Amino acid sequence: MKNIKTLMILGVLGLVTVLGSGCSKANAGTENDINNESTSNKEDTLSESKAKDNKKTNSKKKEYKFGETIGTIGAIDLEADSTFPKAGFFKTDNFILGADENKGELASCFFDQMCIDELDAQNVWNIEYSEDLDKIPSAMKGLDSIWDSFLNDGRMYNMHSEQKYEVIVDNTEKASYGGRDFIREEGHIDVTRKDPNYTYDPELVRTKYIAYYYFSPKGAGADKVDDMNGYGMGMAIWGVRPVDMSNAEEAKTMEENYEKLKKSAEASMDSFISLQEYWKLEK
């Protein structure tokens, strides 16, 4: 009898042990499932995070609407500030024009960028070449035919042979964008009569401009082909359409457009990125 009771007790203990082991295994399985689920959730979260980052990057890329290179050092988005001109920019043979809402009107503004290397500066333009940023603005004023082109496009204004012009600097300051140094210059161009007695042309026609001067070294881009974008003394310039200053309404509109253009130009310069970054943008 005692043996039977002993066997029964041992049997119960064995059953408890088995049940206990089974519970332990079930817990282990549940913990593994939880760990696997946790790992999976983390991976999903990381994937979602990466997707969001990529989405942000892609969105940023898509916002770069009208890219223009600035020599070998980088590029800007002309439409970083789309408030002026409202209809955007379009390319012409000489430079880039900004259109008004009414496309039948004359262009409201222009943009251009140029780089002059040492050979061209000395042999073509006959101006002093310099790598000193402080000297570049004065040197670039010597590019007469380029300044002429701003005043001789029928889509903006057509300066007559009986007229002359003078580029007048109003303000200069140093600025930095994307780690690059520029000289920011505001000024105006006065178109006057060569002969005061010749009254066919207006007495005073004026346009205003914003220029960003820089030095663009050879080989500064991601590849040698980037030198094709120009290296040397550089200038990125915006200007508004010239108007007859005796017309109070036109003069007021020009001043208003100039204030808009300054904001637009600054927004574009704030979008400055290196050529290495620029070529990676999705087109």
Side-chain angles (χ1 to χ4, degrees), residues 64-71 73-101 105-116 136-137 140-141 143 145-153 155-157 159 165-178 180-191 205-214 216 229-230 233-243 250-251 253-273:
Y64 218 83
K65 296 176 182 176
F66 198 127
E68 282 297 313
T69 58
I70 301 294
I73 59 175
I76 59 171
D77 182 7
L78 280 188
E79 290 192 3
D81 178 359
S82 59
T83 59
F84 180 76
K86 292 182 179 179
F89 290 91
F90 61 93
K91 289 188 177 183
T92 70
D93 291 338
N94 294 323
F95 41 87
I96 295 169
L97 295 173
D100 283 327
E101 288 179 285
E105 295 180 358
L106 293 174
S108 55
C109 65
F110 66 80
F111 166 81
D112 197 10
Q113 76 84 25
M114 60 212 72
C115 281
I116 307 298
I136 289 176
M140 296 297 278
K141 299 275 193 317
L143 306 180
S145 65
I146 291 177
W147 292 90
D148 290 349
S149 68
F150 299 155
L151 303 167
N152 282 297
D153 191 304
R155 289 162 293 192
M156 290 195 67
Y157 179 77
M159 187 175 69
Y165 72 89
E166 182 181 9
V167 180
I168 302 162
V169 178
D170 295 321
N171 180 56
T172 60
E173 61 183 356
K174 290 200 173 176
S176 180
Y177 303 92
R180 293 284 181 173
D181 293 330
F182 294 80
I183 288 182
R184 181 180 184 276
E185 177 180 285
E186 291 184 48
H188 62 277
I189 304 174
D190 284 349
V191 180
V205 171
R206 176 170 290 169
T207 179
K208 290 193 169 185
Y209 70 89
I210 308 105
Y212 293 82
Y213 301 97
Y214 58 90
S216 184
N229 294 299
M233 299 187 297
M235 173 174 69
I237 183 170
W238 287 258
V240 289
R241 178 167 59 86
V243 299
E250 283 196 2
T253 300
M254 187 271 287
E255 293 289 351
E256 290 173 349
N257 283 345
Y258 179 63
E259 291 304 314
K260 293 177 186 176
L261 189 69
K262 284 198 293 184
K263 292 178 182 177
S264 182
E266 187 66 18
S268 292
M269 291 303 295
D270 281 335
S271 73
F272 177 84
I273 56 174

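For clarity, every value in this text was computed on a predicted model and none was experimentally measured. Numbering starts at 1 and runs along the sequence shown.
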Where is the tightest heavy-atom contact between Ser216 and Gly230, given as atom of each residue plus distance? OG-O, 3.4 Å
Less than 4.0 angstrom from a charged side-chain N to a carboxylate O is my criterion; do Glu250 and Arg241 meet it? no
Using the six-membered ring wherever Trp is involved, compare the ring planes of Phe150 and Phe95 and label them parallel, tilted or perpendicular (cut-offs 30° and 60°). perpendicular
Roughly how far, to the nearest 0.5 Å, is the CZ atom of Arg180 from the CD1 atom of Ile70? 12.0 Å
Can you give me the closest heavy-atom contact between Pro85 and Gly98, atom names plus distance? CG-CA, 3.6 Å
Hey, are the side chains of Tyr258 and Glu186 touching, using non-hydrogen atoms and a 4.5 Å cut-off? yes
Quick one: OG on Ser145 to CG on Leu143, what's the gap to the nearest 0.5 Å? 7.0 Å
Pair Thr83-Asp81, side-chain donor/acceptor within less than 3.5 Å: yes
Interatomic distance, CD1@Ile210 vs CZ@Phe111, rounded to 0.5 Å, equals 11.5 Å
Would the distance check show the side chain of Asp190 and the main-chain N or O of Glu166 forming a donor-acceptor pair, the cut-off being under 3.5 Å? no
Kindly compute the distance separating OG1 (Thr92) from CZ (Phe110), expressed to the nearest 0.5 Å. 11.0 Å
Treating Asp181 as the side-chain partner and Ser176 as the backbone partner, does any N or O pair qualify as donor plus acceptor under 3.5 Å? no
When rounded to the nearest 0.5 angstrom, what distance separates OG in Ser271 from CD in Glu266? 10.5 Å
Is any side-chain heavy atom of Pro242 closer than 4.5 Å to one of Leu151? yes
Of all heavy-atom pairs between Arg184 and Tyr177, which one has the smallest distance, and what is that distance? CD-OH, 4.5 Å
If you round to the nearest 0.5 Å, how far is CG of Asp112 from CG of Leu97? 10.0 Å
Side chains of Gln113 and Tyr214: does their closest heavy-atom pair fall under 4.5 Å? yes
Just so I know, are the side chains of Lys91 and Glu68 near enough to count as touching, which here means a heavy-atom distance under 4.5 Å? yes
Does Glu185 reach the side chain of Met140, with side-chain heavy atoms less than 4.5 Å apart? no
Minimum heavy-atom distance between Met254 and Val243, given as atom pair plus value: CB-CG2, 3.7 Å
Heavy-atom check, side chain of Met156 versus side chain of Thr207, under 4.5 Å: no
Working note: Tyr209 + Trp147, criterion ring pair (Phe, Tyr, Trp, His ring centres under 6.0 Å); need CA distance, chi angles, decisive distance, verdict. CA-CA 11 Å; Tyr209 70 89; Trp147 292 90; 5.5 Å; yes
Heavy-atom closest contact (Ser268 atom, Leu78 atom, distance): OG-O, 3.2 Å
Are Phe84 and Lys262 packed together at the side-chain level, in the sense that at least one heavy-atom pair is separated by less than 4.5 angstrom? no
Determine whether Ile76 and Tyr212 make a side-chain contact, defined as any pair of heavy atoms from C-beta on separated by less than 4.5 Å. no
